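These notes are about the structure you will find just below.
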Amino acid sequence: MKLFRTGLNTGLLALMLAWPAAFAQDGVQVGQMSPLRKIVPAGTLEPQAAAQYAQTLSKAKQQNALAAENDPQLQRLRAIAKRIIPFALPWNARAKDWKWEVNLLGSKQVNAYCMPGGKIAFYTGILTTLRMTDDEIAMVMGHEIAHALREHGAERAGKATIANIFVKGAEIFAAAKGYDPNVAGQLAGGAANMTMLKFSRDDETEADIVGLDIAARAGYDPRAGIVLWQKMGMVNKNAPPQWLSTHPSGSSRIEEIRRHLPEVMPLYAKAKSAQLSALPPYQPNVKGISPVTYP
Ligand SMILES: [Zn+2]
């Protein structure tokens, strides 16, 4: 019996080694990370990001706009991050060595980010303007962390490097042909920018999906992502918040989240030790937005 069990385990192990993907079926599935990110290695961006983050914090402190350690909103953000980060680590081998930080900056801007290396900042404006619940904060935080995990910053830097080479190439080509190199350079630059815009929309979708997965495993309701974007749409009518300028909104984004609910709702139910069918609807805390049911 013992022998048999050992044999079975060895067989299982061999199977797992042969088809690791077959054993990682729960949660969302995304493709390989962009090879473009390797042009600017993550190891070079992380210290740069850390220095920039430190600079932002010290500037905020000078202006009395850095939340103190005992600030309840900062403590709330850090508690959410503490739950989310363990589920972020499997997405990037470097992440376990990151010196994760969470800070709150006093600003009316509706904004939040996570820099390469796990440096997270929220602006008070996003918390107050959107009257964010913990679940909604977790969606934004998961999304921002996902950008860092998937090394979208390095990818963007890599694309910018390539774009520069194309612009230079076009200028040289134009000069050789006797055209005005400035005009040709601008045209090539424009084309490169459009490609970058399209790529970064892909990154946005990826960050949404990976963020949903991470936050759901940490026990935050993925349906909050739908309400979050509805709230963004409501404030957008008056003044476009900064986060929206880098995060194109719209119903397509909500549809995308809805499409991925079947992958992430089971993770959320599991984290809550609840039956999927027994989960109550997600209740928005503002008027004009309907509760979100699943399925
Ligand atoms: Zn984003």
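Just so we're clear, the structure is a prediction, and the values are computed from it rather than from any experiment. In this chain, residues are counted from 1 in sequence order.
When atom types are taken as modelled, the side chain of Asp213 and the backbone of Val28 share a donor-acceptor pair closer than 3.5 angstrom.
With respect to Asp208 and Arg253, a salt bridge is recorded, a charged nitrogen being found less than 4.0 Å from a carboxylate O. Here Glu46 does not pair with Lys119 in a salt bridge; the nearest charged N to carboxylate O distance is not below 4.0 Å. Ionic pairing of Glu256 and Arg259 is present here: one or more N-O contacts between side-chain nitrogen and carboxylate oxygen are shorter than 4.0 angstrom.
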Tell me which donor-acceptor pairs under 3.5 Å the side chains of residues 54-69 have, and how far apart each pair is, sequence neighbours excluded?
unit_1 : atom_1 : unit_2 : atom_2 : d
Thr56  : OG1    : Gln52  : O      : 2.9
Ser58  : OG     : Gln55  : O      : 3.3
Glu69  : OE1    : Arg78  : NH1    : 2.9

Would you be so kind as to tabulate the donor-acceptor pairs closer than 3.5 Å made by side chains of residues 284-295, with sequence neighbours excluded?
unit_1 : atom_1 : unit_2 : atom_2 : d
Asn285 : OD1    : Lys231 : NZ     : 2.7
Asn285 : ND2    : Arg131 : O      : 2.8

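Evaluation of the salt bridge (charged side-chain N to carboxylate O under 4.0 Å, His left out) rule for Glu263 yields no partner, not counting sequence neighbours. Under the ring-ring contact (aromatic ring centres under 6.0 Å, His included) criterion, Trp91 pairs with no residue at all, not counting sequence neighbours. With sequence neighbours excluded, the residues satisfying ring-ring contact (aromatic ring centres under 6.0 Å, His included) with His152 are His147.
Residue pairs satisfying the side-chain hydrogen bond (donor to acceptor under 3.5 Å, both in side chains) criterion with at least one member in residues 268-279, sequence neighbours excluded, are absent.
Here the side chains of Pro266 and Asp26 are not in contact, with every heavy-atom distance at 4.5 Å or above. In this structure the side chain of Tyr123 never reaches within 4.5 angstrom of the side chain of Leu104, judged on heavy atoms. Within the 4.5 Å cutoff, side-chain heavy atoms of Leu77 are placed close to those of Leu127.
By the 6.0 Å contact criterion, CZ on Arg76 is enclosed, its count of non-hydrogen atoms from other residues, nucleotides or ligands being greater than 12.
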Can you list the steps and then say if Ile226 with Arg258 is a side chain to side chain contact (heavy atoms under 4.5 Å, CB included)?
CA-CA 7 Å; Ile226 292 168; Arg258 255 188 224 285; 3.7 Å; yes

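Note that OG1 of Thr205 is 8.0 Å distant from NE2 of His260, once rounded to the nearest 0.5 Å.
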